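Here the structure is laid out as structure tokens; the discussion comes afterwards.
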Number of protein chains: 2
Amino acid sequence: MAPAPLHASKLVVELTTSPKDVLANEDLVFGKTFTDHMLEIEWSKAEGWGTPKILPYHNFSFDPATVVFHYSFELFEGMKAYRDKDGNIRTFRTDKNMARMNRTAKRASLPSFDGEEFMKLIDKFLVVDQKFVPEGEGYSLYLRPTLIGTTAALGIRGPDRALLYVIASPVGPYFAKGFKPVSLEATDYAVRAWPGGVGEFKLGANYVSTIVPQEKAIENGHSQNLWLLGEEGYITEAGAMNVFFAFQTPDGKKELVTPPLDGTILPGVTRDSTLILAKEKLASDEWTISERALTIHEVIARAEKGELLEAFATGTAAIISPINNIEYRGTHITVPVEDNTSGPIAKKVNEWIRSIQYGEVEFKDWSRIAK
Amino acid sequence: MAPAPLHASKLVVELTTSPKDVLANEDLVFGKTFTDHMLEIEWSKAEGWGTPKILPYHNFSFDPATVVFHYSFELFEGMKAYRDKDGNIRTFRTDKNMARMNRTAKRASLPSFDGEEFMKLIDKFLVVDQKFVPEGEGYSLYLRPTLIGTTAALGIRGPDRALLYVIASPVGPYFAKGFKPVSLEATDYAVRAWPGGVGEFKLGANYVSTIVPQEKAIENGHSQNLWLLGEEGYITEAGAMNVFFAFQTPDGKKELVTPPLDGTILPGVTRDSTLILAKEKLASDEWTISERALTIHEVIARAEKGELLEAFATGTAAIISPINNIEYRGTHITVPVEDNTSGPIAKKVNEWIRSIQYGEVEFKDWSRIAK
């Protein structure tokens, strides 16, 4: 018999007998408390995808030889569920997360699945744990779809067993009191990703190596690394986020730039949304929207000429994180911000995306109501 | 109170009440069956290293938010215990493994420890599970020291909880019926490690990305990848092993070459042992032993001139794995071997190391008896 595909209709639900209290909004900490339940689906090479289960949140029991502990067979997505003013629970462009998760799974020799079937299950999970989706601007339920290899044997090969699961953590706004711009250390002694590597995939393997450089950046008075690549100093990402720069151009126009998806860049959903919305909403006789390579040297040179208008990072956690300073080998680049918050483009993009996420504005099929 | 260091004297032993049968040598499969017990030590940022415990082999119970499942906070070592002709259990140059494990832990923002204290605990573990150390040439007990982050929270930062543990699997010889040379695909579309990356550390993160390229190499009729780096085609590693080439030189001498430890190469214990023994035992008026960069193009050119004498990979699993063929973009490089086994240097190095590992020959302090 052929291995079974993932089918949402097979879902089995077992409700908790010890429901948790819902925390007050002001007590929420990112990724620290979780909802009453979790979603999980086992996979084996022989049988394919098993019965999807919504179960009371529980520990896993794994043999110490399980490959996820040894060879980093692990990948994830980060998504959020938002409560709109009518009480609906909405998710944002999750088809992009599903596609990326499947691409990453393939690269990691882990099983892929029908993304829409998985989203139907996540919708059911959201309905079951709906009391944990907070109300209030900037509040949301963070969703962590995760796929791990669960074969218990030390041979280095593709796992023949895996577990796909989702846990959910209610979270507050990244910037509780309005935008607070961050300072970046442009980092070239450590490299996040490289051509022929796996930087474009949301593998756990891409994160462990970033911690020590980030700690060093913090010691030096910055918030995050601005990751550079190669002798040319190509800018790739900012911390675990994509990055945008806005420049005045000599012809009197302006350019919004982000590095291209050349294999070293995580294809962020917020990055893609920023590009699409900027092309749609910024006046095309005034703005050029570019995916192109840019180096730290270009940023320094244009900042010196007064052409650097603003810079910001994009990601699911913050939507937009404005940047006000970059240090590269002792050179400080001051990035303009208004009133110590952000530049005008960062503010606009943030509001465009936020208003779609919370269902205040309809845009394409970007917002989905969980049923 | 300062966090506690790792102390072997604190060891607590709980013996199993359901001992396993020892498998016959011919039934052993690498990393598939394990001994009766395991060694584990918990760490927390606040308290430091806890009580070392030898416990019955058991599953772990972890929250699904545990960072080892998400951000690849995981690293390991591979070591072997050998039974000598007097019945002693010996390990080989484990001080090198301990030093590498500590370097890797530091890079991964995981806790380090006194390697000799950890080795004393591993010695005790070997004595407790000594019945699983097989007799017979090439047989050994494979040891897997592992360190994982166990904080249960999704924030991307250095774990404040960790678990150091060791499991052990009895294994047979890599080549059950004498050397069998392997064919390599010289791979440049995927890149294992990069300057500024983490290729020199034994992180789980370095393994997941190698599986798909290895599967492709196997589809193309090879056993492993010969990993190349950069436009120059620098040779770095072979599969999960280090690699050596022997050349005839124009001055009538011979050169044994392995790539230098420039940050992209795993500093293998067998690699280091090969270099030291080759310098000590090969006639210096005949041989030059080099750690230097070499490219696939040099190998092709010198093979064409008849100067390529042999090539082999080195690692704990096989000691030596002879190479008889390399394919690079359709070009096949035939590597000389004798009688479809190996070249003479591979054979010598393998025997030098094996005889020290099994205590037949004393060399420096490389062999340690577990007590």
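Reckoned from all heavy atoms, side chains included, excluding hydrogens, waters and symmetry mates. Just so it is clear, the structure is predicted and the values come from calculations on it, not from any experiment. Sequence lines set the chain letters: A, B, ... in the order given, protein chains first and strands last, and positions in each chain run from 1.
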Tell me, out of [options], who's got the most heavy-atom pairs with chain B below 4.5 Å.
| options | value |
| --- | --- |
| A:Y57, A:F60, A:F30 | A:F60 |
| A:I156, A:T187, A:N206 | A:I156 |
| A:A240, A:G149, A:A65 | A:A65 |
| A:G230, A:S72, A:A205, A:G31 | A:S72 |
| A:S209, A:G239, A:A153 | A:S209 |

So that I know where these two stand, are A:F76 and B:Y71 an aromatic pair - ring centroids less than 6.0 Å apart? yes
Taking B:Y165 for its side chain and A:P64 for its backbone only, find out whether a donor-acceptor pair lies under 3.5 Å. yes
Any donor-acceptor N/O pair, B:Q214 side chain to A:R157 backbone, under 3.5 Å: no
In terms of heavy-atom proximity below 4.5 Å to chain B, should A:V68 be classed as side chain, backbone, both, or neither?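 Contact with chain B involves both backbone and side-chain atoms of A:V68.
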Given that the side chain runs from C-beta out, which part of A:L110 has a heavy atom under 4.5 Å from chain B: side chain, backbone, both or neither?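 Neither part.
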Rounded at 0.5 Å granularity, tell me how far OG1 in B:T151 sits from NZ in A:K32.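 B:T151 OG1 to A:K32 NZ: 9.5 Å, rounded to 0.5 Å.
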Separation between NE2 of B:H70 and CG of A:L203, rounded to the nearest 0.5 Å: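 Answer rounded to 0.5 Å: 14.0 Å.
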Given heavy-atom pairs under 4.5 angstrom as the criterion, report whether the side chain, backbone, both or neither of [X] touches chain A.
| X | value |
| --- | --- |
| B:E215 | side chain |
| B:F201 | neither |
| B:T146 | side chain |
| B:I211 | side chain |
| B:K202 | neither |
| B:A317 | neither |

Among [options], which residue forms the greatest number of heavy-atom pairs with chain A at distances under 4.5 Å?
| options | result |
| --- | --- |
| B:F73, B:W194, B:Y207 | B:W194 |
| B:T210, B:V212, B:D63 | B:D63 |
| B:A193, B:P195, B:G263 | B:A193 |
| B:Y142, B:F34, B:Y189 | B:F34 |
| B:S169, B:G78, B:S61 | B:S61 |

[X], [atom1] atom: more than 12 neighbouring heavy atoms under 6.0 Å:
| X | atom1 | result |
| --- | --- | --- |
| B:R161 | CZ | no |
| A:K20 | NZ | yes |
| B:Y328 | OH | yes |

